[in-house]
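First up is the structure itself, then whatever we jot down about it.
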Amino acid sequence: MLVGRVVYSPHAHARIISHNLSKARLSPGVAAVLSSADIPGDNQLNPVARDERCLAADEVVCAGQAVYLIAAETDAQCRAAERLIEVAYEPLPAILSLDEAIAQTRLLGPERTMQRGDADAALRASPHVIRGELRTGAAEHWYLETQASLAVPGEGSEMTVHSSSQNPTETQAVVAEVLGVKKKDVVVEVRRIGGGFGGKETQANHVAAWAALLAGATRRPVKLRLSRDDDMIITGKRHRFLTCYEAGFDDDGKLLAVKLELNSDAGIATDLSFAIMERAMLHSDNAYFVPNMSVKARVWKTNLPSNTAFRGFGGPQGMAAIETIIDRVARTLGKDSAEIRRMNFYGIETNNVTHYGQTVERNRLQTLYEQLVSSSQYSARRKAVQQFNSAHEFEKRGLALTPVKFGIAFTTTFLNQAGALVHIYTDGTVLVNHGGTEMGQGLHTKVQQIAAAELGLPLERVRVSATDTSKVPNTPPTAASSGSDLNGMAVKNAVDTLKSRIADAVVAMFNEQSVSVPSRGTDIVFSNETIFDSLHPERKMGFAEAMGHMMRRQVSLSATGFFRMPAIGWDKVKGVGTPFRYYAFGMGVSEVELDVLTGAVTMIRTDILHDVGNSINAAIDRGQIEGGFIQGVGWCTTEEIKWDPEGHLLTHSPDTYKIPTARDLPIDFRIDLLKDAPNPNAIFGSKAVGEPPFMLSFSVWLAIKDAISAVAGHRIEPEFSLPATTEAILLSIEKLKTAPREAPAPVPA
Ligand code: MTE
Ligand code: HPA
Ligand code: MOS
């Protein structure tokens, strides 16, 4: 096996005037040095938008863009060869921020709008109006396993790629395309991923394509695993957003109108930017009914690596805007923000239709609110926070409750499908394969549970094998939190097929023993490792024994399964319809303590109540809630991506980029699953849980704002953005200290 290496652009934008690879090619241990001229197929990584080269040709368009590939016996030899590559760049002007992209109107595609009612007229008629802009930051996925692929050439044009990909089918397509072969020749296998978080929905394809090109050129297996620094420099991040907002509300705090303009930094190429912006637009209401709403969205192009999917997929960026609005409404009126939130929640019978026309069914916001306000002792703690703050000058506490309503389904509707392949062997054990990938979210465990429960077998009789494009083809990525909803159903479908075949054969066997009342297939039950007739329980057979009979009776014990999500669909052009199968709901209350002199924040306590329907696996679901929440806290607080003025990433390792660690968890961390809340629209009454808890971190973010606001006695609206780093907090406090003591006059409508 050879080791692969990517040589990437040091410039944000430059022309490649000339290069000479001959010295590098002769360097010890080197088997191949490739440039774009050596790609046998298409020099393209994006199968749809086709705007992302596999290797730069005559121009580089961002720092970190792949230009050359090296394969050698060792990593050290790769690095030595890299130093021998001679290349002359002519730097060109680069656009490195949203503001510059907007000033130069570098739109990546057409603007989109969604609206309901007449926001302008309603704003004019509103007793109170607030305006502002909110910036939310980029973020690094920080999957513990960096992007990695092992490509193994087979005979003829065969290529097998072991990839850390959330999207094996697309990895297969991209590998086939760069190699100039067909999909039948390429197998992508994913045993498990050391974390993806959306960062491997498209961009794992790139590493797989590079490894496959090197394997194809050398005819030897090549493993390419990015170092942490290279991974952070080369791959895309969460989209930065700049959102301009206007909101009108009445004296009670009821929203009358909201007008939003969402701007995202796509980086240099399309990737998933439009789908991400769409989800941002579809979540800019979060949990609130806004009678007059207008959302305008623009996706901007900059000379930075193409930004990509990241847990929440634009949802967090859209929700941050409306949560900021609600928070400001409360501050403007001098009311508790939790009360303003409750007042604006979607209703059960009325006010229950979103700005894009989907009815919010089985709305659990009120239930969650009542239970959480009580279990977290919100009111008593609000008073305690006030007392604490009046007694302390240099420490201030803040408290915030925030809701989450998150739509479940790919908004690209056709992606809501899944396939499975289930084999039963004659010893009564079961091998399950499905199109989803395991990335730590516990999908394979849930699928194993589903298959075992349906067949009446203990877990250890069922194995879920590695995801493999040659076993289950044409699958969507494991994303949009819908992995278990989709694949669980496909596996159940395959198991149902097998059970009905087995039941028919078992009935025939029972009835051969000259019974007076014959058994019927529909009465056959699979339970406790036995198969029996529920009307004649004495007619029974051990599961393993029965499988032996199946083989002898020539019954096929292998079946495929398929699932397509019903009852969804929407008009993307008009922005109206039912993009989601259902909503996941959650709510969090966080209390923080702020050191006013240093800006340091301690998370004192967080209470979360989350709706996972009838949980298939409560331990996994709690893990997802904890992990999603704390990953969101990182985005909201300490994780700050910085580039230098030439577009080089400054924060490319853990010494400059701070993700939360075990010590950053709330000191008192309480998670509860909502009880008695079955979901009729997913497997076993469960609910998707992968992404929604991420956005519960807004409770921490806004608790920090609440603590800052206490510094000036809640008389002045603090400056606030996301992430609320220590630095940002201190600057905001400084502004409050020097601001005039009077509250600013309300902005006239
Ligand atoms: N949990 C772990 N441990 N690792 C991950 O990479 N990805 C998240 C979430 N939870 C992730 C995770 C994201 S972005 C999604 S979309 C879902 O898991 C995907 O898996 P699911 O659809 O099976 O929930
Ligand atoms: N979520 C995640 N990935 C996606 C989506 C989505 O809604 N649509 C297309 N890819
Ligand atoms: Mo998740 S961002 O949909 O992979």
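None of the values given here were measured: they were computed from a predicted structure. Just so you know, ligand 1 is whichever comes first in the structure, and atom 1 is the first atom listed for that ligand.
Where the criterion is an N or O separation shorter than 3.5 Å, residue side chain and backbone included, F310 fails it with respect to ligand 1. Close N/O approach between A480 and ligand 1 is not found [any backbone or side-chain N/O within under 3.5 Å]. Considering backbone and side-chain N/O atoms, Q166 comes within less than 3.5 Å of an N/O atom of ligand 3. Not one N or O of S481 is nearer than 3.5 Å to an N or O of ligand 3, by distance alone.
At a heavy-atom cutoff of 4.0 Å, ligand 1 is contacted by no atom of A309, backbone or side chain.
Within the structure, ligand 1 lacks A688 among the residues with a heavy atom less than 4.0 angstrom away. Residue contacts with ligand 1 do not include G627, since none of its heavy atoms lies under 4.0 Å from the ligand.
Ring orientation note: the planes of H434 and H444 are nearly perpendicular, at an angle over 60° on the 30°/60° scale.
Residue contact check: G440 has heavy atoms under 4.0 Å from atoms 2 (C), 3 (N) of ligand 1.
Distance from atom 10 (N) of ligand 1 to its nearest protein heavy atom, with residue and atom name: Q624 OE1, 2.7 Å. At the shortest separation from atom 3 (O) of ligand 3 among protein heavy atoms lies A480 N, 2.7 Å.
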Find all protein N or O atoms under 3.5 angstrom from an N or O atom of ligand 2 and list the pairs with distances, or write 'none'.
unit_1   : atom_1 : unit_2 : atom_2 : d
ligand 2 : 3 (N)  : E201   : OE1    : 3.3
ligand 2 : 3 (N)  : E201   : OE2    : 2.8
ligand 2 : 7 (O)  : R279   : NE     : 3.2
ligand 2 : 7 (O)  : R279   : NH2    : 3.1
ligand 2 : 7 (O)  : T411   : N      : 3.4
ligand 2 : 10 (N) : E201   : OE2    : 3.1

